[in-house]
Amino acid sequence: MPNHSETESVPLLRLSNVTKTFGSLRAVDNVSLDLEVGSVTCIVGPSGSGKSTLLRTVNMMDSLTGGAIFLNGQMIGHEVRKGYRVPVSSRVARRQIRNFGMVFQHFNLFPNFTALENVALGPSLVYNESNQKSQTAAREYLQQVGLESRANHYPSELSGGQQQRVAIARALATEPVNLFGSLAELRR
Ligand SMILES: Nc1ncnc2c1ncn2[C@@H]1O[C@H](COP(=O)(O)OP(=O)(O)OP(=O)(O)O)[C@@H](O)[C@H]1O
Ligand SMILES: [Mg+2]
């Protein structure tokens with residue numbers, strides 16, 4: 001398994017022959033691509049062609065059937081031990097996952113939590129932040145997506161687009177863009 005961490009210039013994210021099967025269905029079939037820092041990439045394809053599954057393998061919501069994923073040159077999700085590829089421990093996986101933010105296709109907001117609580121929940125779980133601190137940050141992210149006036153509304157009281165913006169604020173709130181701090185931590 002190549003490890004790119006020693007080379008001068010490595011892509012931010014490298015997918016190498018990523019495959020995911022569900023029984024006999026090849027949902028993702030041997031996909032390889034490199035993403036560079038600051039680039040925006042769109043994945044386009046017919047319904048059922050594997051776009052969401054590909055993203056789910058990147059943020060470790062689905063296990064890989066084959067291939068490997070590298071973040072800044074370091075393999076994530078798996079490591080090689082005694083010549084065998086094994087999944088990383090759940091502690092390491094949790095740390096690696098922090099580098100990704102995802103807005104879900106159906107938003108997946110918690111219906112019994114307000115917009116503010118939905119956004120604050122991630123940081124308070126991931127970083128053990130106090131309720132007060134995560135709610136203050138959540139308010140700022142809601143403001144960024146133009147929803148500060150809806151902070152205390154439940155998802156059922158929001159329009160589809162507003163729910164989507166809450167989901168975007170939630171994806172930002174765990175600060176996946178704070179990549180280099182996280183990567184330094186990752187390599188320790
Ligand atoms: N957990 C699962 N178990 C079995 N099959 C699955 C599972 N998740 C997805 N699939 C199948 O994998 C294929 C790819 O699904 P995926 O959700 O990645 O498609 P998509 O490209 O995101 O589609 P859409 O544009 O409709 O959102 C589909 O045929 C789907 O039925
Ligand atoms: Mg999809």
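The analysis underlying the following values was restricted to heavy atoms, covering all of them including side chains, and did not include hydrogens, waters or symmetry mates.
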Can you list every pair that meets salt bridge (charged side-chain N to carboxylate O under 4.0 Å, His left out) and has a residue in residues 134-153, with sequence neighbours left out?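 For residues 134-153: none.
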Not counting sequence neighbours, which residues clear ring pair (Phe, Tyr, Trp, His ring centres under 6.0 Å) with F113? List them please.
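Scan of F113 (ring pair (Phe, Tyr, Trp, His ring centres under 6.0 Å), adjacent residues dropped) gives F110.
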_Selection residues 163-172 - residue pairs positive for salt bridge (charged side-chain N to carboxylate O under 4.0 Å, His left out), sequence neighbours left out_ =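 Every candidate salt bridge (charged side-chain N to carboxylate O under 4.0 Å, His left out) pair involving residues 163-172 fails, so no pair, neighbours aside, qualifies.
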Output yes when a side-chain donor or acceptor of T65 lies under 3.5 Å from a complementary backbone atom of T21, and no otherwise.
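A pair under 3.5 Å: yes.
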- Item | Side-chain donor or acceptor of Q163 paired with backbone N/O of P155 under 3.5 Å |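 Yes; judged by distance alone, with no hydrogens or angles, the pair exists.
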For residues 58-78, which residue pairs qualify under salt bridge (charged side-chain N to carboxylate O under 4.0 Å, His left out), counting only residues two or more places apart or in two chains?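 Found R56-D62.
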**Prompt:** With S47, which residues qualify under side chain to side chain contact (heavy atoms under 4.5 Å, CB included), at least two apart?
**Reply:**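 Listed in chain order: nothing, the list is empty.
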- Item | Residue list, side chain to side chain contact (heavy atoms under 4.5 Å, CB included) with A169, at least two apart or on another chain |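 Once residues adjacent in sequence are excluded, the partners of A169 under the side chain to side chain contact (heavy atoms under 4.5 Å, CB included) criterion are V119, Y141, L142, V145.
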Which residues pass the side chain to side chain contact (heavy atoms under 4.5 Å, CB included) test with S63, sequence neighbours left out?
->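 Per chain and number, S63 pairs via side chain to side chain contact (heavy atoms under 4.5 Å, CB included) with K20.
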Q.
Please enumerate all residues that pass salt bridge (Lys or Arg N to Asp or Glu O under 4.0 Å) together with E79, with sequence neighbours excluded.
A.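 Residues passing salt bridge (Lys or Arg N to Asp or Glu O under 4.0 Å) with E79: R81.
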Partner residues of Q132 under the side-chain hydrogen bond (donor to acceptor under 3.5 Å, both in side chains) criterion, sequence neighbours left out: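 By the side-chain hydrogen bond (donor to acceptor under 3.5 Å, both in side chains) rule, Q132 matches no residue at all.
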Who are the side-chain hydrogen bond (donor to acceptor under 3.5 Å, both in side chains) partners of T53, not counting sequence neighbours?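 T53 satisfies side-chain hydrogen bond (donor to acceptor under 3.5 Å, both in side chains) with no residue once adjacent residues are dropped.
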Discussion item. Tell me if a side-chain donor or acceptor on N108 pairs with a main-chain N or O of F104 at a distance below 3.5 Å.
Written reply: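 Not a single qualifying donor-acceptor pair exists.
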Any sub-3.5 Å donor-acceptor pair from S134's side-chain atoms to S130's backbone N or O?
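Yes; judged by distance alone, with no hydrogens or angles, the pair exists.
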Item to complete: Determine which pairs satisfy salt bridge (charged side-chain N to carboxylate O under 4.0 Å, His left out) with at least one residue from residues 21-34, sequence neighbours left out, and list them in order.
Response: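 Of all non-adjacent pairs touching residues 21-34, those that pass salt bridge (charged side-chain N to carboxylate O under 4.0 Å, His left out) are R14-D34, R26-D29.
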- Can you sort out the partners of N17 under side-chain hydrogen bond (donor to acceptor under 3.5 Å, both in side chains), two or more places apart, ordered by chain and number?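 In terms of side-chain hydrogen bond (donor to acceptor under 3.5 Å, both in side chains), with neighbours along the sequence ignored, N17 is linked to N30.
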